Amino acid sequence: MATNGARGYWQRYRSIPIVYRIGVAFVLGSLFGLVVGEPATQLQPVGDLFVQLLSMLIIPIIVFTLVMGARRLSPSNLGKLGGQVVILYAITSAFAVTIGLAVANLINPGSGLELGDAEAQTAEAPDIVEVILGIVPSNPIDAMASGDVLPTIFFVVVFGIALALVEQETDSDDIRNGVKAFYDLAEAGAEAMFKVVWGVMEYGVIGVFALMASVFGEAGVDAIVPFALLIATLALAVTAHIVIVHLGGIIALLVGESPRGFLVGGKDALITSLSIRSSSGTLPVTMTDADENLHIEEEVYSFSLPLGATINMDGTALYQGVAAIFAANLVGVQLGLAEQFTVVAVAVLASVGAAGVPGTGLIMLTLVLTQLGLPLEVVGFVAGVDPILDRLRTMTNISGDLAVTTLVAKWNDAVDFTSGTWVGESGETPAPADD
Ligand code: ASP
């Protein structure tokens with residue numbers, strides 16, 4: 001009886017999505033810290049374990065997921081249209097991180113809150129030439145062993161693309177089978193790592209409680225301000241990115257059409273992404289909007305949107321910039337130009353392997369912080385407010401996918417601007433696509 005009851009509670013507990021449980025732990029941990037005060041800092045090691053578990057996952061995740069991601073980027077898999085899409089995706093993501101960094105530099109979220117004994121591991125700022133040279137590992141195994149994120153990402157992407165080329169060009173069945181075995185291994189490895197991630201997140205409920213208790217135990221109510229500021233900074237930065245890059249730069253300037261028509265056409269996808277926090281989950285709606293409201297031809301969107309849902313993440317990339325400044329402020333270090341460039345490089349390259357599912361941005365943040373030598377503890381802090389941050393990121397991701405798709409469709413004569421929401425239709429009851 002008792003066991004059944006306990007199991008029932010456990011199952012009910014597990015049926016609540018993990019991010020909400022972590023959100024509750026964030027609030028309860030903060031309250032606990034406020035009420036108990038200084039002694040709550042004793043819980044710090046319980047939170048440190050969460051941080052340690054996250055760090056264990058970084059290199060294996062990069063290796064397994066990026067091999068699969070890079071396969072999609074091989075020139076022979078992309079073709080001309082694909083090349084345009086990928087280059088635009090990369091450029092817009094780079095803009096996104098830059099805007100994230102700029103807005104965060106302006107608002108400085110996180111300043112004023114001291115992070116206990118956590119400290120940045122990099123004291124000296126490297127110069128930009130060093131950072132660029134450092135992207136290429138002189139010894140990839142050494143880079144992996146010492147947890148150097150950027151060179152590891154670089155090597156795995158190059159290796160993954162080479163593997164795809166070998167697969168296409170070889171006449172030998174043995175080699176083709178070998179490549180396939182490699183992909184199977186990477187795919188299985190990635191699946192296994194994500195299982196571990198979810199296991200770690202289960203512990204994260206306890207870990208986040210402990211981290212927040214410790215922060216609020218030490219800093220008191222003052223600690224609320226940085227989190228509110230983090231959310232406000234991200235909201236401002238994603239708005240700036242959507243308005244300046246997607247609506248202004250791409251739709252108004254390069255496409256030469258009305259941003260309003262674009263927004264009305266994509267609104268179902270944008271709203272869906274806000275509520276489900278997943279680009280991949282939103283994909284059917286994004287495709288329907290592209291087809292029935294924006295009147296883009298299937299040959300373009302059927303390729304660019306699924307690809308965008310996995311490799312194009314403007315919001316996620318932008319968030320890395322904001323979160324990096326937040327983390328740096330928490331430990332009282334300034335990120336120099338070279339370090340900010342590193343954030344751009346990691347965010348753009350890592351999005352190749354990142355899936356469009358809830359919480360990906362948090363995992364990516366572990367890579368960015370590790371590369372910068374900033375404390376991973378910050379991931380535990382921001383995890384508590386991630387359900388809010390993730391919505392903003394995902395909506396921006398979708399807006400980016402649709403904007404680039406529209407531009408590529410225009411370049412390839414595959415969109416009809418004389419109908420649909422471009423000419424003021426509401427997009428409420430989409431007319432069947434005329435073909
Ligand atoms: N949830 C986002 C997406 O699906 C990824 C992220 O966590 O930033 O696009």
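Note that this is a predicted model, so its numbers are computed, not measured. Order of appearance sets the numbers: ligands from 1, and atoms from 1 within every ligand.
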Under 4.0 Å from a heavy atom of G359: give me the atoms of ligand 1 that qualify, with their elements. 7 (O)

At a 4.0 Å threshold, what atoms of ligand 1 neighbour a non-hydrogen atom of T360? 5 (C), 6 (C), 7 (O)

Judging by distance only, is a nitrogen or oxygen of M313 under 3.5 angstrom from one on ligand 1? no

Could you report the tightest heavy-atom contact between L335 and A328, atom names first, then the distance? CG-CB, 3.8 Å

Going by salt bridge (Lys or Arg N to Asp or Glu O under 4.0 Å), name the residues that satisfy it together with D184, two or more places apart in sequence or in a different chain. K180

Would one find more than 12 heavy atoms of other residues, nucleotides or ligands at under 6.0 Å from atom CD of E298? no

Can you report which non-hydrogen protein atom sits closest to atom 6 (C) of ligand 1, along with the distance? G361 N, 3.2 Å

Run the numbers for me: atoms of ligand 1, each under 4.0 Å from some heavy atom of P358, listed by number. 1 (N)

Assess whether a salt bridge exists between D386 and R393, defined as any Lys/Arg side-chain N lying under 4.0 Å from an Asp/Glu carboxylate O. yes

Which segment of N397 sits under 4.0 Å of ligand 1 when only heavy atoms are counted: side chain

Do me a favour and list the nearest non-hydrogen protein atom to atom 9 (O) of ligand 1 with residue, atom name and distance? S279 OG, 2.3 Å

Indicate, with yes or no, if the rings of F159 and F182 have centres closer together than 6.0 Å. yes

Does I398 approach ligand 1 within less than 4.0 angstrom via side chain, backbone, both or neither, non-hydrogen atoms only? neither

Could you list which atoms of ligand 1 come closer than 4.0 Å to a heavy atom of S278? 4 (O)

Could you tell me whether R277 and ligand 1 have an N or O pair separated by under 3.5 Å? yes

What I want to find out is whether E202 reaches R21 closely enough, with some N-O distance under 4.0 Å, to be called a salt bridge. yes

Among protein heavy atoms, which lies nearest atom 1 (N) of ligand 1, and at what distance? D390 OD1, 2.7 Å

protein heavy-atom neighbour closest to atom 2 (C) of ligand 1 works out as T394 OG1, 3.3 Å

Is it true that F227 and F26 have ring centroids separated by less than 6.0 Å? yes

Quick check: are there more than 12 heavy atoms from other residues, nucleotides or ligands sitting under 6.0 Å from OH of Y13? yes

Indicate yes or no: does an N/O atom of G356 lie under 3.5 Å from an N/O atom of ligand 1? yes

Residue pairs fulfilling salt bridge (charged side-chain N to carboxylate O under 4.0 Å, His left out) with at least one residue in residues 275-290, sequence neighbours excluded: R277-D390

